[in-house]
Protein chains: 4
Amino acid sequence: MRNASPPTGRTGRPRSAAADAAILAATRDALVELGWSKLTMGDVSTRAGVAKTTLYRRWAGKNELVVDAVAELFDSLELPDRGSLEADIEDVVLQFAALLRRPEARTALMAVVAESTRDEALRDRIRSAIVDRQKRLVVLGRERAQARGELPYEEDEELACRTTDLIFDVIAGTVVHRALVSSEPVDELWVATFTALLMHGLQGPAPA
Amino acid sequence: MRNASPPTGRTGRPRSAAADAAILAATRDALVELGWSKLTMGDVSTRAGVAKTTLYRRWAGKNELVVDAVAELFDSLELPDRGSLEADIEDVVLQFAALLRRPEARTALMAVVAESTRDEALRDRIRSAIVDRQKRLVVLGRERAQARGELPYEEDEELACRTTDLIFDVIAGTVVHRALVSSEPVDELWVATFTALLMHGLQGPAPA
Amino acid sequence: MRNASPPTGRTGRPRSAAADAAILAATRDALVELGWSKLTMGDVSTRAGVAKTTLYRRWAGKNELVVDAVAELFDSLELPDRGSLEADIEDVVLQFAALLRRPEARTALMAVVAESTRDEALRDRIRSAIVDRQKRLVVLGRERAQARGELPYEEDEELACRTTDLIFDVIAGTVVHRALVSSEPVDELWVATFTALLMHGLQGPAPA
Amino acid sequence: MRNASPPTGRTGRPRSAAADAAILAATRDALVELGWSKLTMGDVSTRAGVAKTTLYRRWAGKNELVVDAVAELFDSLELPDRGSLEADIEDVVLQFAALLRRPEARTALMAVVAESTRDEALRDRIRSAIVDRQKRLVVLGRERAQARGELPYEEDEELACRTTDLIFDVIAGTVVHRALVSSEPVDELWVATFTALLMHGLQGPAPA
DNA sequence: CACTAATCGAGACGGTACGTCGAGTCTTAAA
DNA sequence: TTTAAGACTCGACGTACCGTCTCGATTAGTG
């Protein structure tokens, strides 16, 4: 998530640390008000009280800036222990849905994914700044469920990893699709139905 | 999927039907070569051998044009009868994954969804041109499975409808997330695993 | 001043005579409201309640249309017999100044002259529709002055002609320059001063 | 003749001085080749090797740009001392006629005057950039003639001023009308005749 | 009376230029 | 060396008119 550092030399005026924070906050504000496509670098720099050059010295462009500005929103997701796997899933799905109701998150997430379809570096940045960071939730949920005896321990390391990825894609993908593509509400009724489906899927015989 | 019709009645030179087709084809070509963000209206009009004004007379902007251009790609999806629900699902998931490997589809789909987060009209257009049209596949698959005895008949009309929506979001969302967000391949092994999960989920007790 | 006639054939629907008048009137109205540069053919056709094709069937373009629309304004100039050459000149200069206060005349005259600097045909059209037509005033004034004994008869035909042209250029040019370039008022005091200058010039010895 | 200055004070990159000259030169070139009505801002910017925005940052539009570009052509007019008022006038009239034979001058002068009939600011700009600047020639000619004893000293300041204006309008207006409206050549014969007329006019009794 | 041929309105068509906006870079002086 | 300020080049935007074209619908005179 870190952006390019000063070239290394130690002399000269040091970079303002406050500027970084101001820029990211300004970016989020602008996303809320304007959305991705109408957000401009000039506007962000004005809001942050910073020159455009300062901004370009730290981020390569709009995409990189927005990924960084948005990524930390996803860090707010947590997995409180609700006592059962089913309850844990419902909880995190509702948190995720709430996050996707924030305009800066919904608009930015889809936009950077769209850009990343033609930009390898951006794809990596998204994967490391967002995807991989949130897989921790799936791993943690599985461990708790195993400790509770709700799920068996999986000894095949690679199979466990594939299952983690699958579950992550099913949960995140389904919620995003429901909220942003189908444009339907992610309410408690729907979450309960979805979670039930997922629970049954997970409790079936071990996948191939 | 139809764009705005000529406002008035019968007089005046009629709109060229050929232009519509040429413009949509040019749009898809441009998406392949340039991607969403570098696609320009001027370039599309040039490729189509059409004046820019002709293009704006028929579509309000880039978003609307691209939704129409891409929507018909999705019409190529079919649900051949493979003899079992599981096989049918695997088949259509692979088709969908193949579609998402086409650059014009992957870049455009996410981009218009991103734009739609701030544009009610665009959201409706996406829903009617893409989402609702492809739900037919889920409905058809369910009917075949019921005919085969794989799934029970559901008498509660509204419940059936909610289930259709859920399954659609799970399948489409998961595949899109795997392919475009996680950036992992949708290969036969993964499809089999995912389908197995889904089958177990469906065969569990009726959802709430 | 006449515009292109129907190709010669006698059959077919004849051109509407009313349309011509409506178009020229609409052109003058538009000149008053918009000035030369913002006058558009489409706007004129709308004002005249006529299709654009009808307009182009009769005039080649904006320049030709405006010359015709404006030329007849200049026909309103007259040379009443005020009893002396000096009084006659003052009278016609004031008339001309009044004409140049009309917005459609001031804007159109200069504009078509500007266009004519690069368009031989337009130059001819201006000369025949405006310049030559108004020289009659100079000729008439000279004849009256000669009858009164204010000016000698000139027997050299060609010299008389050159003198007519010179006086026309001096009067028209000076008034136009005062009104439109220097942007100063052409009031009675100025007219008296100018006429006095001109009278002395004319009463000097015969030019070379 | 100066165009709008940078609004604020001292910070930021200063405007390129070279650009100003390049743009004005390019404008004159374009006027020669294309004439007023086919001159485009985009073309001027290309010729000058400058971005269109740079051009608009300095001039409000085509009119203002052309006035500035043409004004300095008029600065080339000079009043050499030929020994008599009559000879001085003949000389400057011939210079002015030569200037009006240059395509960029003839087309642009009339065009901006035409535009100025509907634009107060442009009228002022023409007056200050062209009219007032060239009146110096009349003033200088009068002073020389007075020194030679050809003309009396005028003590009434305001009357002298009005006379200066009148002579300027007579000379400039007549020559322009001859050259551009009547479309007749301004040759030595015509100039001699015109100058003779003017000399007699000036030597008559003092105007009212 | 039907036929013929040019007219009429409406408005879509391919173009060209408009004047504005944003991207990303560069050049100042100040810190 | 970074900073704020702002001018720079470039390229796309969406609009406005241009002058042409294609329609269906009127109008005459002619056959």
Side-chain angles (χ1 to χ4, degrees), chain A residues 6-7 9-16 19 37-46 48-62, chain B residues 6-16 19 37-43 45-46 48-58 60-62, chain C residues 6-16 19 38-46 49-62, chain D residues 6-16 19 37-43 45-46 49-58 60-62:
Chain A
R10 65 194 63 73
T11 81
R13 176 171 170 175
R15 286 195 180 168
S16 157
S37 63
K38 292 186 181 167
L39 175 148
T40 70
M41 297 298 268
D43 183 57
V44 169
S45 73
T46 303
V50 139
K52 239 188 334 169
T53 35
T54 302
L55 210 154
Y56 278 107
R57 207 173 287 117
R58 300 173 189 215
W59 285 275
K62 192 164 145 174
Chain B
T8 59
R10 60 213 56 67
T11 74
R13 177 173 173 176
R15 289 194 179 166
S16 159
S37 63
K38 291 186 182 166
L39 176 148
T40 70
M41 297 297 267
D43 183 58
S45 72
T46 302
V50 141
K52 223 175 6 156
T53 40
T54 298
L55 210 153
Y56 279 108
R57 206 175 288 121
R58 301 174 187 214
K62 191 164 142 173
Chain C
T8 53
R10 65 199 63 72
T11 80
R13 178 173 172 173
R15 288 194 180 165
S16 158
K38 291 184 182 168
L39 176 148
T40 70
M41 297 297 267
D43 183 56
V44 169
S45 73
T46 303
V50 139
K52 236 187 336 169
T53 35
T54 300
L55 210 153
Y56 277 107
R57 210 174 284 118
R58 301 173 189 214
W59 285 275
K62 191 164 143 173
Chain D
T8 58
R10 61 214 53 71
T11 73
R13 175 173 174 175
R15 289 194 179 166
S16 159
S37 65
K38 291 185 183 167
L39 175 149
T40 70
M41 297 298 266
D43 183 57
S45 72
T46 303
V50 140
K52 224 178 357 160
T53 41
T54 297
L55 210 152
Y56 279 108
R57 206 175 289 119
R58 300 172 187 219
K62 191 165 144 173

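Every value quoted in this text rests on a predicted model; they were computed, and no experiment measured them. Naming convention: chains lettered A, B, ... in sequence-line order (proteins, then strands); numbering from 1 in each chain.
D:Ala60 pairs by the side chain to side chain contact (heavy atoms under 4.5 Å, CB included) definition with D:Glu64, not counting sequence neighbours.
Proximity of a side-chain donor or acceptor of D:Thr54 to a complementary backbone N or O of D:Val50 within less than 3.5 Å is not detected. Side chain of D:Lys52 to backbone of D:Asp43: no donor-acceptor contact under 3.5 angstrom is found.
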I'd like a list of close polar pairs between nucleotides 14-19 of chain E and the protein, N/O only, cut-off under 3.5 Å.
| residue | atom | partner | partner atom | Å |
| --- | --- | --- | --- | --- |
| E:dG14 | OP2 | B:Ala51 | N | 3.1 |
| E:dG14 | OP2 | B:Thr54 | OG1 | 2.6 |
| E:dC18 | OP1 | D:Met41 | N | 2.9 |
| E:dC18 | OP2 | D:Met41 | N | 3.3 |
| E:dC18 | OP2 | D:Gly42 | N | 3.2 |
| E:dG19 | OP2 | D:Tyr56 | OH | 2.3 |
| E:dG19 | O5' | D:Tyr56 | OH | 3.4 |
| E:dG19 | N7 | D:Lys52 | NZ | 2.9 |
| E:dG19 | O6 | D:Lys52 | NZ | 2.9 |

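Taking both residues in full, the closest heavy atoms of B:Ser45 and B:Gly42 are given as OG-O, 2.8 Å, listed atom of the first, atom of the second, then distance.
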Contact string for nucleotides 26-31 of chain F, one letter per nucleotide 5' to 3', B = base within protein heavy-atom range under 4.0 Å, S = sugar-phosphate only, - = neither, reads BB----
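In this structure, C:Arg58 atom CZ and E:dA6 atom P are separated by 16 Å, rounded to whole Å. In this structure, the CG atom of A:Leu55 is 15 Å from the C1' atom of F:dA5, given to the nearest Å.
Residues A:Tyr56 and A:Met41 form a side-chain contact, since some pair of their non-hydrogen atoms from C-beta on lies under 4.5 Å apart.
Of the inter-residue distances, the one linking B:Leu55 atom CG with B:Lys62 atom NZ reads 12.0 Å to the nearest 0.5 angstrom.
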